[in-house]
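Notes to accompany the following structure.
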Number of protein chains: 2
Amino acid sequence: MNIRTICLAILAHGEASGYDLKKHWEEGPFHHLGGASFGSIYPALARMEKDGLIRSREEVQPGKPARRVYSLTETGYQAFIDEMSALPEPDDFRSHFGVITLCARHLTRDTLARALDERVRQQKAEISKLTPIAEIEKDRPVGWLIEWGLAIMATEVAFIEKNRARLEAFAGTAGPGDELSICCLPDMPAVKQQSTAAE
Amino acid sequence: MNIRTICLAILAHGEASGYDLKKHWEEGPFHHLGGASFGSIYPALARMEKDGLIRSREEVQPGKPARRVYSLTETGYQAFIDEMSALPEPDDFRSHFGVITLCARHLTRDTLARALDERVRQQKAEISKLTPIAEIEKDRPVGWLIEWGLAIMATEVAFIEKNRARLEAFAGTAGPGDELSICCLPDMPAVKQQSTAAE
DNA sequence: TTTCGCCTATATCGGTTCGATATATACCGG
DNA sequence: CCGGTATATATCGAACCGATATAGGCGAAA
């Protein structure tokens, strides 16, 4: 799922300028579903207009810079429906926290504890921010999605608080020279061989 | 968190070729923490070697192409420790499924139901695949991380199965012309104004 | 037996995206 | 009057993705 798809999805809910789209991403429900920068948005809009998916008009406003406001064409709305009707692709997910936990053996207990504290703090802050919004939005799809996110974040916080001691016990059990295999999946002989056959 | 960081993390667990790194991503625990392609890995390795974070040696193998095997230098191990010791950044997350749910009003009930079915199917398949591995790996950090993921996926499946009717009820309540505001966050006046002040 | 597909392995190319920065105007507070 | 913030568009280099090229060895099917 690329920037173009999300632009279509936002524009399907109303016309918007490039600046509006960025605001949606930073402050609205799309924030948690993937970021976007001006460096992506403006070229994407230009491409989509060239492809006939959107049209634009200049809007002069008193006291503010002029806006270029985009809206979907019929072709664009159809493209939007097509992309939303396709079977959902697996999520793209990249987690610094996850990598830190995988490398627990190489960290000090304090460092690891600080990472876990920070993660719990982040998730709790997000839960506090979103809980009242879920209530306000409960009669719209966005409310459903926020509840989905809240359920997941609550599970994560509970999991960490219950199991953190088990992870912290790994801290400091590896150093620069050690070659520990990360895992031992049945389909990954290369990893095992490599860590046992080293030298 | 960029490709370089994950390469450092994998290499901290043992030397590897570019091909090995790709295998780790496709089949190992890093798979769920962010993908990488050859088009990223090889340039990243070249950059890291130039920066003195890794060193390499040619390994000739009978019956197979020669491998270029990379390992961390002391500088590289320190860079790895530094990046793992930093406070965890928020996850990068992009979800086609999430966007589909947000656009529920524009979809038919059947299309939406199919998306929900597919999501549940995907998550259940992943749970089935990972559950036995969690048992095998329970004495390593990767086991902890897999349990973390399993807890989250189980929550998601339960949430969807319990609440799907509420989302499906939104299906078909919007069409091409409608300008429905997506949400009504206190910090997002532009969205409300735009959808009510259209025309 | 030879041909086809698969595995190992590295490399590159075009296009997309990110993050930072540039530019310009307007408004408000100190 | 100056600096900070908000609105608004645009661009640049670096990073990254997905596909493709290349090439030898392997085993199985035709």
Side-chain angles (χ1 to χ4, degrees), chain A residues 1-8 15-27 30-31 33-51 56-70 89-94 187-191 193-194, chain B residues 1-8 15-27 30-31 33-51 56-70 89-90 92-94 96 187-191 193-194:
Chain A
M1 203 202 25
N2 51 20
I3 295 284
R4 200 172 114 270
T5 305
I6 306 188
C7 287
L8 287 175
E15 55 177 18
S17 65
Y19 191 78
D20 291 335
L21 290 170
K22 186 77 193 317
K23 294 242 104 187
H24 271 280
W25 257 297
E26 283 176 351
E27 299 167 21
F30 288 94
H31 173 62
L33 304 176
S37 61
F38 289 128
S40 317
I41 293 171
Y42 286 110
L45 288 171
R47 227 179 309 143
M48 289 160 71
E49 187 163 27
K50 189 172 70 70
D51 294 344
S56 70
R57 57 185 175 80
E58 187 87 4
E59 190 180 280
V60 282
Q61 338 174 77
K64 283 183 193 176
R67 288 155 31 98
R68 177 155 294 277
V69 181
Y70 294 90
E89 307 160 24
D91 302 332
D92 288 346
F93 180 60
R94 175 159 295 173
D187 301 322
M188 264 180 86
V191 184
Q193 282 164 23
Q194 176 194 313
Chain B
M1 204 204 22
N2 52 20
I3 294 284
R4 204 173 112 271
T5 305
I6 306 188
C7 286
L8 288 175
E15 55 177 17
S17 66
Y19 190 77
D20 290 336
L21 290 170
K22 186 77 193 319
K23 293 243 104 187
H24 270 279
W25 256 296
E26 281 177 351
E27 300 166 21
F30 288 93
H31 173 61
L33 304 176
S37 63
F38 289 129
S40 317
I41 291 171
Y42 286 110
L45 288 171
R47 229 180 306 143
M48 289 161 72
E49 187 163 26
K50 189 171 71 68
D51 296 343
S56 70
R57 60 185 173 79
E58 188 86 2
E59 190 179 282
V60 281
Q61 339 174 74
K64 284 183 193 175
R67 290 157 26 100
R68 177 154 295 275
V69 182
Y70 294 89
E89 306 159 23
D92 288 344
F93 180 61
R94 175 158 297 172
H96 187 198
D187 302 321
M188 264 181 87
V191 183
Q193 282 165 23
Q194 175 194 313

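As the structure is a computational prediction, the values presented were derived from the model and not from experiment. Atom set for the values below is all heavy atoms of this structure, side chains included, hydrogens, waters and symmetry mates excluded. Residue numbering restarts at 1 for every chain, and letters A, B, ... go by the order of the sequence lines.
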- [ ] Quickly work out the Tyr19(B) OH to dA23(D) P distance and round it to whole Å.
- [x] 18 Å
Open item on the list: What contact category does Arg47(B) fall into here, base, sugar-phosphate, or nothing, at under 4.0 angstrom with non-hydrogen atoms?
Closed with: sugar-phosphate
Open item on the list: Quick check: do Leu33(B) and Phe93(A) have side-chain heavy atoms less than 4.5 Å from each other?
Closed with: yes
- [ ] Give the rounded distance in Å between these two atoms: CH2 of Trp25(B) and C1' of dC16(D).
- [x] 11 Å
Open item on the list: For Arg68(A), give me all partners under salt bridge (charged side-chain N to carboxylate O under 4.0 Å, His left out), at least two apart in sequence or on another chain.
Closed with: Glu58(A)
Open item on the list: From CG of Leu21(A) over to C1' of dT7(D), roughly how many Å is that when rounded to an integer?
Closed with: 14 Å
- [ ] Calculate, to the nearest 0.5 Å, the distance between atoms CG and NZ belonging to Asp20(A) and Lys23(A) respectively.
- [x] 9.0 Å
Open item on the list: If I take atom NZ from residue Lys22(A) and atom OG from residue Ser17(A), how far apart are they, to the nearest 0.5 angstrom?
Closed with: 12.0 Å
Open item on the list: Without decimals, in angstroms, what is the distance between Glu49(A) CD and dT9(D) P?
Closed with: 12 Å
Task: Contact interval (first through last nucleotide) of DNA chain C with protein chain B, 4.0 Å heavy-atom - done: dT8(C) to dC18(C)
Open item on the list: Consider side-chain contact (heavy atoms from CB on, under 4.5 Å). Of Met48(B), Glu15(B), Glu49(B), which one does Tyr70(B) pass it with?
Closed with: Glu49(B)
Check residues 36-45 of chain B and write down every donor-acceptor pair under 3.5 Å in which the side-chain atom is one partner and the other belongs to a residue at least two apart or another chain.
from	atom 1	to	atom 2	distance (Å)
Ser37(B)	OG	Ser40(B)	OG	3.4

- [ ] With sequence neighbours left out, write down each residue that passes salt bridge (charged side-chain N to carboxylate O under 4.0 Å, His left out) with Glu59(B), or none if nothing qualifies.
- [x] Arg57(B), Arg67(B)
Open item on the list: With a 4.0 Å cutoff (strictly under), does any side-chain N or O of Lys23(A) reach OP1 or OP2 of dT7(D)?
Closed with: yes
Task: Axis bend over the full length of the helix from dT1(C)-dA30(D) to dG30(C)-dC1(D), computed from five pairs that close each end, to 10 degrees - done: 10°
Task: By salt bridge (charged side-chain N to carboxylate O under 4.0 Å, His left out) - contacts of Arg94(A) (at least two apart) - done: none
Check: residues 1-8 of chain A side-chain donor-acceptor pairs under 3.5 Å, at least two apart:
from	atom 1	to	atom 2	distance (Å)
Asn2(A)	OD1	Thr5(A)	N	3.2
Asn2(A)	OD1	Thr5(A)	OG1	2.9
Thr5(A)	OG1	Glu83(A)	OE1	2.6

TODO: To the nearest Å, give me how far apart CD1 (Ile3(A)) and C1' (dC17(D)) are.
DONE: 13 Å
TODO: May I ask you to say what Arg94(A) touches in the nucleic acid, namely base, sugar-phosphate or nothing, with a heavy-atom cut-off under 4.0 Å?
DONE: sugar-phosphate
Open item on the list: What residues from residues 36-46 of chain B pass a heavy-atom cutoff of under 4.0 Å to DNA chain C?
Closed with: Phe38(B), Gly39(B), Tyr42(B)
- [ ] Round to the nearest Å and state the distance from Lys22(B) atom NZ to dC16(D) atom P.
- [x] 15 Å
